[in-house]
Amino acid sequence: MTDYLKVSVAYVGPNDQVLRPLEVRIGTTVREAIEQSAVISRCPEIDLAVNQVGIFGKAAKLDQGLEDGDRVEIYRPLIADPKEARKRRAAEGKAMRKGGADAKPSAGS
């Protein structure tokens, strides 16, 4: 049995993508893996007091312990509320369907 786990730390920023594989000691936390990955020095916009983190798409806490094979993900803050964006797209879709019948016929019709 080994004293190390293989994990990775991932971040997709506005201008950069980072996926860092790491070997960390058993008992390493999400925060410790992020710090060891040096992702924050490459992407200084990351603020662990603001950015949410997760493991394979599920929310995680910074003090959560890691398991072999985990992918720690650092999420950017949302620009728009997902519910509001969905409502806006639905409203735009309805307007397009209604407006489609009002289009002028082409010259060949």
Side-chain angles (χ1 to χ4, degrees):
M1 185 164 162
T2 178
D3 293 335
Y4 290 90
L5 306 172
K6 290 185 179 190
V7 300
S8 59
V9 176
Y11 175 71
V12 177
N15 303 313
D16 205 3
Q17 295 183 67
V18 181
L19 179 62
R20 289 273 165 80
L22 297 172
E23 277 196 13
V24 298
R25 287 194 167 279
I26 291 174
T28 297
T29 65
V30 169
R31 177 188 297 276
E32 291 167 340
I34 292 169
E35 290 168 352
Q36 290 176 34
S37 73
V39 169
I40 293 175
S41 63
R42 181 169 168 181
C43 305
E45 70 271 16
I46 296 172
D47 179 354
L48 293 180
V50 175
N51 293 80
Q52 299 278 326
V53 296
I55 298 174
F56 286 118
K58 294 193 179 200
K61 297 197 180 297
L62 291 170
D63 62 354
Q64 182 173 329
L66 296 174
E67 295 181 15
D68 194 44
D70 279 349
R71 182 182 66 222
V72 174
E73 301 163 339
I74 306 167
Y75 307 119
R76 291 187 292 155
L78 295 175
I79 296 171
D81 177 20
K83 288 182 182 178
E84 289 302 316
R86 217 172 1 261
K87 284 181 188 176
R88 186 184 74 247
R89 285 192 307 270
E92 288 171 359
K94 286 179 185 175
M96 288 182 76
R97 284 191 294 274
K98 282 183 179 179
D102 296 339
K104 294 181 181 179
S106 63
S109 296

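What's counted below: heavy atoms across the whole structure, side chains too, no hydrogens, waters or symmetry copies.
Here the closest non-hydrogen pair linking Asp16 and Cys43 is OD2-SG, 4.1 Å. Nearest heavy atoms, Gln36 versus Thr28: NE2-CG2, 4.1 Å. Summarising the geometry of Asp68 relative to Lys6, their closest heavy-atom pair is OD1-N, 2.7 Å, with the distance given to 0.1 Å.
With rounding to the nearest 0.5 Å, the separation of CD in Glu92 from NZ in Lys87 is 14.5 Å. Note that CD of Glu67 is 11.0 Å distant from CD1 of Ile26, once rounded to the nearest 0.5 Å. Here CD1 of Ile40 is found 13.5 Å from CZ of Arg42. Values are rounded to the nearest 0.5 Å. Here the CD-OG1 distance, from Glu35 to Thr29, works out to 7.0 Å after rounding to the nearest 0.5 Å.
By the rule that hydrophobic residues join a cluster once side-chain heavy atoms approach within less than 4.5 Å of another member, Ile74 and Leu62 end up as members of one cluster. Note on Val53: it clusters hydrophobically with Phe56, by side-chain heavy-atom contacts below 4.5 Å among ILVMFWY residues. Linking Ile, Leu, Val, Met, Phe, Trp and Tyr whenever their side-chain heavy atoms come within less than 4.5 Å puts Val18 and Val72 in one cluster. Both Leu66 and Leu48 belong to a common hydrophobic cluster when Ile, Leu, Val, Met, Phe, Trp and Tyr are linked at side-chain heavy-atom distances under 4.5 angstrom. Grouping the Ile, Leu, Val, Met, Phe, Trp and Tyr side chains by contacts below 4.5 angstrom, directly or via other members, places Leu5 with Ile55.
Residues that satisfy the side chain to side chain donor-acceptor pair (under 3.5 Å) test with Arg71, not counting sequence neighbours, are Glu73. Annotation: side chain to side chain donor-acceptor pair (under 3.5 Å) contacts of Glu45 (sequence neighbours excluded): Tyr11.
Side-chain contact between Val9 and Leu22: present, with at least one pair of heavy atoms (C-beta onward) separated by less than 4.5 Å. For the pair Val24/Glu32, no side-chain contact is recorded, criterion being any heavy-atom separation below 4.5 Å from C-beta on. Residues Arg76 and Pro14 meet the side-chain proximity criterion, which asks for heavy atoms closer than 4.5 Å.
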Derivation and outcome, side-chain contact (heavy atoms from CB on, under 4.5 Å), residues Asp63 and Arg31
CA-CA 6 Å; Asp63 62 354; Arg31 177 188 297 276; over 6 Å; no
